[in-house]
Amino acid sequence: MTIRKIELLSPAKNLEAARAAVDYGADALYMGGVRFGARHAATNSIEDIARAVEYAHQYGVRVHSTLNTVLYDDELSDAEDQARQLIAAGIDALIVQDMAYREMNLPAELHASTQVGNTTPEGVAFLQECGFSRVILERSLSLDEIKAIRSATSVELECFVHGAICVGHSGRCYLSRSTSSRSGNRGECSQPCRLPYDLTDASGRSIMSGKHLLSVRDLDLSESLEELIDAGISSFKIEGRLKDTRYIKNIVGYYRQCIDKIIARRTDVVRTSVGQTGLDFTPNPAKSFTRGASQYMFRGKRADVASLDTPKAIGEYIGRVKNTFRNGFQVDRPNDLSAADGICIINNGALIGTNINSVSDGLILPNKIDGISRGVEIYRNYDHRFNTSLDRSRSQRTIEATARFEISNKECILSIQEIRGIEATIRREYVPQPASSPEKMVETAQRQISKSGGTIFSITSVEVCGSENFVPASIISDMRREALALLQNMCINHPLSHNIIPDNPSAKYPYPKVSRYENVTNRMAMNFYHKHGVAIIEKALETKPTLGERVMISSYCIRREIGQCMKENPTLRGDLFLEHGSARYQLQFDCKRCEMALIDCSKTNSLSK
């Protein structure tokens with residue numbers, strides 16, 4: 001039977017978040033460097049990344065660094081320099097979009113970012129042949145599409161299981177560039193998909209007004225993790241490099257519990273790191289930032305995945321208002337609302353929020369009663385007691401270890417071995433006196449050596465040999481402290497395995513040309529594709545105006561979402577457009593592929609570099 005390793009991969013905005021990710025159960029984490037990451041607001045110094053690596057590696061937790069923006073020629077030297085600094089700092093893999101990194105001969109694992117646009121078996125197979133040790137899949141793939149990719153490849157597959165969804169296929173969205181100089185492929189997306197739009201027809205008639213027609217709900221595949229394991233996924237990725245440590249503690253803790261339950265009942269899967277976290281709170285993903293949970297397209301193309309009224313977090317459903325009073329209200333079901341909680345409603349298509357002043361005998365007194373009327377649905381988007389419990393949480397991750405204490409006529413030997421087999425041994429010259437009670441000597445040694453609190457270790461058993469000799473408790477304690485310090489240092493420096501694979505120049509690019517949507521923006525990326533048999537490389541859309549171009553392709557479809565699918569005899573026919581201010585996009589529907597595209601036909605058009 002083949003034993004597969006399963007990884008829980010957490011985001012880390014900064015060093016504090018990285019430590020929280022490790023403490024609360026992540027097997028790996030990903031964080032940005034100083035530049036060239038797809039989240040400009042989540043950058044870190046090389047020094048902080050080195051500290052994160054040291055903290056993570058003691059548990060066997062890997063650190064991946066994001067270098068997943070496209071590069072221009074004048075940035076290649078700086079990008080390579082940063083990549084090598086990150087490698088020197090101890091990172092375990094680089095997550096990249098630009099194929100220039102494949103040409104830099106870097107001594108590190110390369111993971112193909114979801115920004116590469118990993119949607120097809122042939123595309124993923126090509127990346128495998130080119131030496132990528134892992135491919136991160138597009139968030140919109142269905143379970144069947146994931147299985148098809150797995151059947152055609154053997155490369156490690158990573159997929160998102162929780163967090164925000166890019167409605168456009170990753171790396172193929174230019175919506176932000178069409179409205180400003182900010183580009184998603186350069187780490188500066190302005191998130192125009194979260195704006196309100198008007199849906200109009202060719203004559204300008206308004207069909208829907210002021211709706212967030214491109215804002216989809218957040219992903220939650222926690223109930224489908226075992227299906228993903230069976231489909232061949234090795235790494236489960238949580239989105240959120242801009243999220244705070246509360247989010248990390250709650251969501252990582254929640255998925256750790258979900259994955260551990262699966263591992264506990266199976267013999268064919270194990271986790272990739274070591275250490276157990278005893279949570280001092282009950283995790284609940286509904287209590288962290290969420291636009292509402294969705295499996296998106298995991299079960300196939302479907303409707304009811306958008307959040308049309310608001311792009312903001314609405315939180316957990318509390319109930320429907322059944323009675324209102326001058327300054328308060330009651331809901332139709334039991335709840336645990338309390339003072340200082342934040343609640344919200346959607347009223348006439350707008351999100352209205354307030355906080356709670358007090359709750360008594362089911363009567364809820366909000367700070368503002370505006371919009372709260374009978375029948376309105378109440379959501380809690382801030383649970384004060386829960387967030388306080390997260391702030392106060394001091395859950396510690398510990399590694400199980402066993403100890404052996406030997407007493408001879410000339411010395412004492414203490415060996416402590418942790419669960420991976422890493423062992424630290426301390427010897428102390430000492431001429432003991434006979435023990436008045438060998439039984440008490442065993443008890444004393446076991447009690448002193450088991451005192452591992454405050455360290456990363458949990459001593460589960462202590463074997464004592466030579467108990468007929470007496471050793472003072474102070475000597476045993478000193479040896480324990482020295483052994484645990486040595487063992488921790490050995491764990492920090494214990495080498496992790498890496499799968500560094502060279503490019504195979506005989507691998508052939510599976511498509512007739514590299515289109516302008518593939519983001520080839522520098523000479524090294526061009527060399528990569530030419531080497532792999534490509535004759536035609538179109539000028540990257542990233543480098544020119546988007547007017548008249550397809551600025552987004554999506555598995556999400558507005559027609560399907562509003563009940564006007566072209567396959568189901570719709571009443572709404574003809575061309576459709578989205579409008580917001582001066583921005584205007586024609587919608588194109590590929591019913592064969594069940595995809596929607598946005599064509600930029602705005603009155604004004606921006607161009608970044």
Side-chain angles (χ1 to χ4, degrees), residues 2-10 12 15 18-19 21-23 25-31 33 44 46-67 80 82-96 101 104-112 131-134 154-156 158 234-235 237 263 269-277 397-403 415-426 452 455-458 482-503:
T2 301
I3 305 297
R4 292 177 52 209
K5 292 184 177 181
I6 301 301
E7 173 186 276
L8 175 59
L9 177 59
S10 170
L15 179 58
R19 286 173 171 160
V22 174
D23 289 342
D27 298 308
L29 57 93
Y30 62 103
M31 59 194 306
N44 295 277
I46 296 296
E47 292 75 18
D48 275 357
I49 289 177
R51 293 187 186 100
V53 167
E54 179 177 303
Y55 192 79
H57 278 188
Q58 61 190 339
Y59 298 96
V61 172
R62 292 163 55 95
V63 179
H64 305 164
S65 191
T66 52
L67 292 174
E80 181 172 352
Q82 182 175 176
R84 294 188 182 278
Q85 288 183 50
L86 289 166
I87 295 166
I91 60 93
D92 300 287
L94 296 174
I95 303 172
V96 303
Y101 289 106
M104 293 177 184
N105 195 29
L106 298 169
E109 279 191 23
L110 293 185
H111 294 182
F132 285 90
S133 60
R134 179 180 295 184
S154 59
V155 68
E156 282 188 3
E158 174 182 308
S234 300
S235 178
K237 188 171 195 171
I263 291 175
V269 290
V270 296
R271 62 183 295 187
T272 60
S273 66
V274 296
Q276 300 297 318
T277 299
R397 182 167 174 170
T398 57
I399 303 172
E400 291 186 352
T402 59
S415 297
I416 303 179
Q417 184 180 91
E418 57 92 77
I419 197 168
R420 286 166 293 186
I422 305 171
E423 184 175 74
T425 299
I426 299 296
S452 54
T455 74
I456 68 170
F457 302 104
S458 173
E482 190 175 344
L484 290 176
L486 175 60
L487 183 59
Q488 182 172 2
N489 189 60
M490 293 173 71
C491 288
I492 290 171
N493 293 291
H494 184 67
L496 303 184
S497 62
H498 299 113
N499 190 19
I500 303 173
I501 310 169
D503 189 1

Measuring from Ile87:CD1 to Leu94:CG, what's the distance to the nearest 0.5 Å?
5.0 Å
Distance-minimising heavy-atom pair for Ser458 and Thr398:
CB-OG1, 3.9 Å
Is the shortest side-chain heavy-atom distance between Leu487 and Ile399 below 4.5 Å?
no
Where do Ser65 and Gly33 come nearest, in terms of heavy atoms and distance?
OG-N, 4.0 Å
Quick one: salt bridge (charged side-chain N to carboxylate O under 4.0 Å, His left out) partners of Arg51, sequence neighbours excluded?
Asp48
Under 3.5 Å, is there a donor-acceptor pair linking the side chains of Ser273 and Arg271?
yes
Quick check on side chain to side chain contact (heavy atoms under 4.5 Å, CB included): which of Leu486, Asn493, Ile492 does Met490 satisfy it with?
Leu486
To the nearest 0.5 angstrom, please state how far the CD1 atom of Ile426 sits from the CD1 atom of Ile416.
8.5 Å
Looking at side-chain heavy atoms only, is the closest gap between Thr272 and Arg62 below 4.5 Å?
no
Of all residues at least two apart in sequence or in a different chain, which pass the salt bridge (charged side-chain N to carboxylate O under 4.0 Å, His left out) check with Glu482?
Arg428
Interatomic spacing from CD1 in Ile263 to CZ in Arg4 - rounded to 0.5 Å:
11.0 Å
Can you pull out every salt bridge (charged side-chain N to carboxylate O under 4.0 Å, His left out) where at least one residue sits in residues 490-501? Sequence neighbours excluded, please.
none
How close do Ser133 and Asn499 get, counting heavy atoms only, and between which atoms?
CB-O, 3.3 Å
Please name the pair of heavy atoms, one in Leu110 and one in Tyr101, separated by the smallest distance, quoted to 0.1 Å.
CD1-O, 4.0 Å
Rounded distance (nearest 0.5 Å) linking atom NE2 of His111 with atom OG of Ser235
8.5 Å
Sequence neighbours excluded, the answer for salt bridge (charged side-chain N to carboxylate O under 4.0 Å, His left out) partners of Glu158 is Arg134, Lys237
Distance check, rounded to the nearest 0.5 Å: Glu109 atom CD versus Leu496 atom CG?
10.0 Å
In residues 52-59, what donor-acceptor pairs under 3.5 Å come from side-chain atoms, sequence neighbours left out?
{"residue": "Tyr55", "atom": "OH", "partner": "Asp23", "partner atom": "OD1", "Å": "2.5"}
{"residue": "Tyr55", "atom": "OH", "partner": "Asp23", "partner atom": "OD2", "Å": "3.3"}
{"residue": "His57", "atom": "NE2", "partner": "Asp92", "partner atom": "OD1", "Å": "3.4"}
{"residue": "His57", "atom": "NE2", "partner": "Asp92", "partner atom": "OD2", "Å": "2.8"}
{"residue": "Gln58", "atom": "OE1", "partner": "Gln488", "partner atom": "NE2", "Å": "2.8"}
{"residue": "Gln58", "atom": "NE2", "partner": "Tyr55", "partner atom": "O", "Å": "3.1"}
{"residue": "Tyr59", "atom": "OH", "partner": "Arg397", "partner atom": "O", "Å": "2.9"}

Tell me, please, which residues at least two apart from Glu418 pass side chain to side chain donor-acceptor pair (under 3.5 Å).
Arg420
About how many Å separate CE of Met31 and CG of Leu15, when rounded to the nearest 0.5 Å?
6.5 Å
Minimum-distance pair of heavy atoms, taken over all atoms of Ala12 and Leu29
CB-CD1, 4.2 Å
Can you check whether Glu7 reaches Glu156 side chain to side chain, under 4.5 Å on heavy atoms?
no
Please give me the minimum heavy-atom distance between Ile422 and Cys491, naming the atom from each residue.
CD1-SG, 4.1 Å
